[in-house]
2 protein chains.
Amino acid sequence: MSDVARLAGVSKMTVSNVVNNRAGVSDPVRRRVLDAIQQSGYRVNLSARTLKSGRTGIIGLAVPEIHSPYFGHLAAHVIARAAQQGFHVAIEQTGAAAAGEIDAIAHSHTLHFDGLILSAVELDRADPRLAGAAYPIVMLGEQDFGGRFDHVAMPNEDGTYAATTHLIDRGCRDIAIVTGNALEGVNVVTRRYQGYLAALAERGLQPDPALLVTVDTMTMDSGRAAGHRLADSRHKVDGVVAVTDTVAQGVLRGLADRGLRVPGDIRLIGFDDIPQAEFMVPSLSTVAPDHQWMAAKAVELLTGRIGAPARETTEYTAPFELMVRESTT
Amino acid sequence: MSDVARLAGVSKMTVSNVVNNRAGVSDPVRRRVLDAIQQSGYRVNLSARTLKSGRTGIIGLAVPEIHSPYFGHLAAHVIARAAQQGFHVAIEQTGAAAAGEIDAIAHSHTLHFDGLILSAVELDRADPRLAGAAYPIVMLGEQDFGGRFDHVAMPNEDGTYAATTHLIDRGCRDIAIVTGNALEGVNVVTRRYQGYLAALAERGLQPDPALLVTVDTMTMDSGRAAGHRLADSRHKVDGVVAVTDTVAQGVLRGLADRGLRVPGDIRLIGFDDIPQAEFMVPSLSTVAPDHQWMAAKAVELLTGRIGAPARETTEYTAPFELMVRESTT
DNA sequence: TTGTAAGCGTTATCAT
DNA sequence: ATGATAACGCTTACAA
């Protein structure tokens, strides 16, 4: 910057004013400075600007894992949206563990992110380590934090309710649910399970404990094992609600391993509408929350709070659509 | 830092020495300083450190799109590996366009990344804008840049050769290839096409122009359309080599749309071994490059060059394995 | 073993 | 409209 100033015959301050498009610089001077910038190949040093301003222009996005169609998809939207607002996104992987989620918060602090979008799946609202965060956090999609944070929620309960009702409408009566094993507290697993129970109850169907299949992780592998368990059990099953599309993909494969056909023998529905859902054979019916909407709201809430830290927290729930495809035909 | 120094009754410099684990600090002083750090909740300011040292500790990773199982998977490995070496990873999306790839380079500059891992799919080795980069770049996986950059290559030609040979071994004689439309120059598309041609030639099969199906983008959508074209043509086809697993997923779906069975009517093989390949119905045979190895090499090359900028460029080609699954049984 | 001084590149403030 | 100065928090070089 000193070089540019010398070249243009002005002070560093004037260069700064030109670089930042501030008013109060005469046209000829501005031109001279711009020329000097061209000539010297000058570029602002963001570290210096950050040091001075206390802002990095970077927001963190903490997700369980960036591979995983759902979070990858979401991340792509967040990155695009943040860019529109002049923010860069740094991605942290939490590994779907409470410790990783806390680490992400600490990291954000160390790296001086301006804020953090946290897709928490394990962290408890009561976790004392949550108190430490000294900058804006927006919770995305999962746990309930009782109004302590801005929150963009998934339509967990309503979505699964709609999915289960759809299976009943298609004539299913023995509907299994494949879900996580954290059936206590308020989290994605419990809320989706509640939606399933609510739909059964409304249609006068009894939930059968034998039709509750829990998995440790939300992976295709776990889903496949769940599919095996369903196929190998003596229980009649004519429909399956899977907690996520990724798990559904595994369930589908597990049923195929045992020679069961979807939708011929068993109907299957997922949750998320990952890009692959439409291309599976059979294509997967699913609950499709509006990912783009979620990303936009999350970024909007975060940048809003960066501007006004003391504002009241807000909670949004994403709209969703039921995508009916071959797997429930 | 001044606060900590005052609290511990030492100078800022001593605090710095303790924070950076430097030798030459007596044990009692070190303890006092650590206590003071605890008490005050002090954390180093990375911006200040960066400003002083000229290094950010952040490396950029530019990929066409972070959703996309292949790049998501690769990114996860790169992030993990870089973390081991004390680097953070910022992800840039290029949108599979040369302009986006150039932007990523410029961005890296602005954001003062210490280096960039660039998964270039469109950028040409002759592109003049490539000259600008004033920091280390490692090319990952695709284009050939004639030794100008450190490069971790995919086993493009050998992989497709092996895939095609495998189909021939399974009795296929009319083998189509679904690939990109950039059939000139040295890039992933041409090299994989060469591997296909080489395998046909070695087994005395004539390449049939009608069996070359090109797509604009490496997406499931494009693959599906290609599947339709193959099914609707009058040509006999008994095997398909797809340029990527993602495209293969689309081809499989496109063939299913037309009532064609894999592997019954047509055998299909992909490239990449994305996590979904194993879970597709039928499961997808594919060429499996060692992603973890690639990520590790890329990070290693980059950090090596950050340490020694003038070193000779190196080129590695990833090892691969042929995964034989149901789609070619 | 510890401390002092200067400077990394930028910008806010105040002066001209 | 433009400039001088100081400060952001840290580390290198040197002095004690």
Side-chain angles (χ1 to χ4, degrees), chain A residues 1-37 39-58 86 88 107-114 134-135 306, chain B residues 1-37 39-58 86 88 108-114 134-135 306-307:
Chain A
M1 197 177 226
S2 299
D3 292 350
V4 174
R6 205 175 316 117
L7 251 163
V10 298
S11 76
K12 287 198 304 182
M13 204 49 233
T14 301
V15 176
S16 175
N17 286 332
V18 171
V19 166
N20 293 288
N21 259 318
R22 273 190 278 260
V25 182
S26 69
D27 256 15
V29 169
R30 165 164 272 127
R31 230 185 310 276
R32 250 168 40 223
V33 171
L34 289 174
D35 279 355
I37 288 176
Q39 272 184 47
S40 59
Y42 164 81
R43 308 187 140 245
V44 286
N45 179 322
L46 281 208
S47 307
R49 180 177 282 173
T50 296
L51 178 59
K52 187 70 180 136
S53 70
R55 292 219 181 146
T56 55
I58 300 178
H88 267 81
H107 252 152
S108 307
H109 203 145
T110 308
L111 292 172
H112 286 259
F113 294 158
D114 290 340
Y135 52 87
I306 290 170
Chain B
M1 197 177 226
S2 301
D3 292 350
V4 174
R6 205 176 316 118
L7 251 165
V10 298
S11 75
K12 284 199 307 182
M13 203 48 235
T14 301
V15 177
S16 174
N17 286 332
V18 170
V19 166
N20 293 288
N21 260 316
R22 273 191 277 260
V25 182
S26 69
D27 255 16
V29 170
R30 163 165 272 126
R31 230 184 310 276
R32 252 174 31 229
V33 171
L34 288 174
D35 279 354
I37 288 176
Q39 271 184 49
S40 59
Y42 164 82
R43 307 189 141 243
V44 286
N45 179 321
L46 282 209
S47 308
R49 179 177 284 174
T50 295
L51 179 58
K52 187 67 182 148
S53 70
R55 292 219 181 144
T56 55
I58 300 179
H88 266 80
S108 306
H109 202 144
T110 308
L111 292 171
H112 286 257
F113 295 158
D114 290 341
Y135 52 86
I306 290 170

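Per chain, numbering begins at 1; letters A, B, ... match sequence-line order. The basis for the numbers below is simple: all heavy atoms, side chains too, and nothing from hydrogens, waters or symmetry mates.
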Side chain A:Thr56, main chain A:His112, donor-acceptor under 3.5 Å:
yes

Report yes if a side-chain nitrogen or oxygen of A:Ser16 is closer than 4.0 Å to either non-bridging phosphate oxygen (OP1 or OP2) of C:dT11; otherwise report no.
yes

Interface residues of residues 26-37 of chain B with DNA chain D (non-hydrogen, below 4.0 angstrom):
none

Round to a whole Å and report the spacing from NZ of B:Lys12 to C1' of D:dC8.
10 Å

Between P on C:dG9 and CG on A:Asp3, what's the gap in Å once rounded to a whole number?
9 Å

More than 12 foreign heavy atoms under 6.0 Å from CZ of B:Arg55: is that the case here?
no

Would you say a side-chain N or O of B:Arg49 is under 4.0 Å from OP1 or OP2 of D:dT11?
yes

Value in whole Å for how far the P atom of D:dA4 lies from CZ of A:Arg6
13 Å

Using a 4.5 Å cut-off on heavy atoms from C-beta on, say whether the side chain of B:Arg49 contacts that of A:Ser47.
no

Measuring from atom OG1 of B:Thr50 to atom CG of A:Leu111, what distance do you get when rounded to the nearest 0.5 angstrom?
9.5 Å

Atom pair distance, as rounded to whole Å: CE in A:Met1 and C1' in C:dT11:
8 Å

Gap separating the CG atom of A:Leu7 from the OG atom of A:Ser2, nearest 0.5 angstrom:
11.5 Å

Figure out the CG/C1' separation between B:Asn45 and C:dC8, and round it to whole Å.
13 Å

Nearest 0.5 Å, what's the CG-CD1 distance between B:Asp114 and B:Ile306?
5.0 Å

Per nearest nucleotide of DNA chain C, the residue lying toward the 5' end, A:Ser53 or B:Thr14, is B:Thr14

Is any side-chain heavy atom of B:Ile37 less than 4.5 Å from a side-chain heavy atom of B:Val19?
yes

Under 4.0 Å: is that the gap between some side-chain N or O of B:Asn17 and OP1 or OP2 of C:dT1?
no

Is there side-chain contact between B:Val4 and B:Met1, with at least one heavy-atom pair below 4.5 Å?
no

For nucleotides 12-16 of chain C, print each protein N/O atom paired with a nucleotide N/O atom at under 3.5 Å, atom names and distance only.
none

Could you tell me whether B:Arg55 contacts a base, only the sugar-phosphate backbone, or nothing, with contacts defined as non-hydrogen atoms closer than 4.0 Å?
nothing

Give a yes or no on whether a salt bridge exists between A:Asp3 and A:Arg6, defined as a side-chain N under 4.0 angstrom from a carboxylate O.
yes

Can you tell me how far P of C:dA6 sits from CG of B:Leu51, to the nearest Å?
18 Å

